[in-house]
*Asks:* 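After the structure tokens below, expect a handful of questions from me.
In what follows, chains carry the letters A, B, and so on, assigned in the order in which the sequence lines appear, proteins first and then strands, with residues in each chain numbered from 1. Quantities reported herein were computed from a predicted structural model and do not represent experimental measurements.
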Protein chains: 2
Amino acid sequence: MSVAGTRLTKQKSLILDLILGTKCHPTADWVYQEARQHIPDISLGTVYRNLNALANQGLIREMNYAGSSSRYDGDVSQHYHFTCQSCGNVFDLPLEAFTMIDNLVEEQEGHSVEAHRLEFYGTCKTCKIEEKQ
Amino acid sequence: MSVAGTRLTKQKSLILDLILGTKCHPTADWVYQEARQHIPDISLGTVYRNLNALANQGLIREMNYAGSSSRYDGDVSQHYHFTCQSCGNVFDLPLEAFTMIDNLVEEQEGHSVEAHRLEFYGTCKTCKIEEKQ
DNA sequence: TTAGTAATGAGAATAATAACTATATATTCA
DNA sequence: TGAATATATAGTTATTATTCTCATTACTAA
């Protein structure tokens, strides 16, 4: 399971496992902190290099967020995210892909649309309850 | 036309004029380069400070893009953008706001949605023609 | 006119990420 | 198997966008 010209090192495989084993859409730094508990002298550069490599291979998805740091997602299927502005957590949304809006833009404007980004922001279920108290 | 505790300096007023006078969704650095032609010793810090202030006052809109630098928009009405991955230009889209998708997420997930971001990526009309040649 | 407040320019600080480099592993092939 | 080659690593430095600091300047309102 290695692409030509690439090797599956223990660092890369650990990083992949960490991403696949969480639903928290972690940042590079989260991955680094976790990885150090298994390979203490792993370097942050190696984490970034492998996150990029894994994203290029299509094994994980990079969600590079406005302003702040990128997050990574082990679920590469098409889905949208909701970010809670109170606790900072990112939740998966079970919405279907709105492919028709791409067509709308193509028809109205004449640009050829390759992708769209759709993200939701607000207060999550849990934080909403806490705010009321 | 000044908010209590704020002053409309010649720097701030120039920066606002520059943003309002272009449709190119400029970056802070573009604003800085333009501003220097009118106030040669204006500093980049002042540009950032005023861009943030103007955005907080609701006079301009900040579009902080994934990965790269923020862009600013003098048109504060609700509208979406298309970014050409070939020439880098950002175009306005005359689409209506999809407010119903916010409701969909609220109903399905129980989070309270305050806003969504929707951006389109692809190849613009002009670059599409150039690629064919 | 003066005391008080806000904004400025210049430069240092920060934070996320990428690039560099010498060393250490893998892999390939004789 | 072992030398030759290619790729990855740790550690470090560089880059880039943005914010912060601070001494100075410019308004503002009594």
*Asks:* Quick one: list whatever passes side-chain hydrogen bond (donor to acceptor under 3.5 Å, both in side chains) with Thr27(A), sequence neighbours left out.
*Replies:* none
*Asks:* Nearest whole angstrom, please: distance from the C1' of dT9(D) to the CG of Leu14(A).
*Replies:* 14 Å
*Asks:* Under 4.0 Å between a side-chain N/O of Ser43(A) and OP1 or OP2 of dG11(D), yes or no?
*Replies:* no
*Asks:* Quick one: which residue pairs count as a ring pair (Phe, Tyr, Trp, His ring centres under 6.0 Å) with a foot in residues 26-50 of chain A, not counting sequence neighbours?
*Replies:* none
*Asks:* If you round to the nearest 0.5 Å, how far is CG of Leu118(A) from CG of Leu93(A)?
*Replies:* 8.5 Å
*Asks:* Lys12(B) NZ to dT8(C) C1': how many Å, rounded?
*Replies:* 13 Å
*Asks:* Listed by chain and number, what are the side chain to side chain contact (heavy atoms under 4.5 Å, CB included) partners of Glu114(A), not counting sequence neighbours?
*Replies:* Gln85(B)
*Asks:* Less than 4.5 Å apart, any side-chain heavy atom of Gln33(B) and any of Asp29(B)?
*Replies:* yes
*Asks:* Could you list the residues that satisfy side-chain hydrogen bond (donor to acceptor under 3.5 Å, both in side chains) with Glu62(B), not counting sequence neighbours?
*Replies:* Ser70(B)
*Asks:* Could you state the atom-to-atom distance from CG of Leu44(B) to P of dA13(C) in whole Å?
*Replies:* 17 Å
*Asks:* Heavy atoms under 4.0 Å, any strand shown: does Asn52(B) hit a base, just sugar-phosphate, or nothing?
*Replies:* sugar-phosphate
*Asks:* Below 4.0 angstrom, which residues in residues 32-42 of chain A have at least one non-hydrogen atom near DNA chain C?
*Replies:* none
*Asks:* Check ring pair (Phe, Tyr, Trp, His ring centres under 6.0 Å) between Tyr72(B) and all other residues, then give those that pass, not counting sequence neighbours.
*Replies:* none
*Asks:* Below 4.0 angstrom from OP1 or OP2 of dT9(D), is there any side-chain N or O of Thr9(A)?
*Replies:* yes
*Asks:* Rounded to whole Å, please give me the gap between CG in Leu51(B) and P in dA17(D).
*Replies:* 14 Å
*Asks:* I'd like a table of atom pairs between the protein and nucleotides 20-30 of chain D - only N or O on both sides, under 3.5 Å - with the distance next to each one.
*Replies:*
unit_1: dC27(D); atom_1: O2; unit_2: Arg7(B); atom_2: NH2; d: 3.2

*Asks:* Could you pull out all residues at least two apart from Ser43(B) that satisfy side-chain hydrogen bond (donor to acceptor under 3.5 Å, both in side chains)?
*Replies:* Thr46(B)
*Asks:* Under 4.0 Å between a side-chain N or O of Asn50(B) and OP1 or OP2 of dA7(C)?
*Replies:* no
*Asks:* Expressed in angstrom and rounded to an integer, what is the separation of Asn64(B) atom CG from dT18(D) atom C1'?
*Replies:* 12 Å
*Asks:* May I ask you to verify if any side-chain N or O of Gln11(A) is less than 4.0 angstrom from the OP1 or OP2 atom of dA10(D)?
*Replies:* yes
*Asks:* May I ask you to evaluate whether Ser70(A) reaches the phosphate of dA16(C), defined as a side-chain N or O under 4.0 Å from OP1 or OP2?
*Replies:* no
*Asks:* Given dT18(D), is OP1 or OP2 found less than 4.0 Å from the side-chain N or O atoms of Tyr48(B)?
*Replies:* yes
*Asks:* I need the full list of side chain to side chain donor-acceptor pair (under 3.5 Å) pairs touching residues 89-107 of chain B, with sequence neighbours left out, sorted by first then second residue.
*Replies:* His25(B)-Asp92(B), His79(B)-Asp92(B), His81(B)-Asp92(B), Asp102(B)-His116(B)
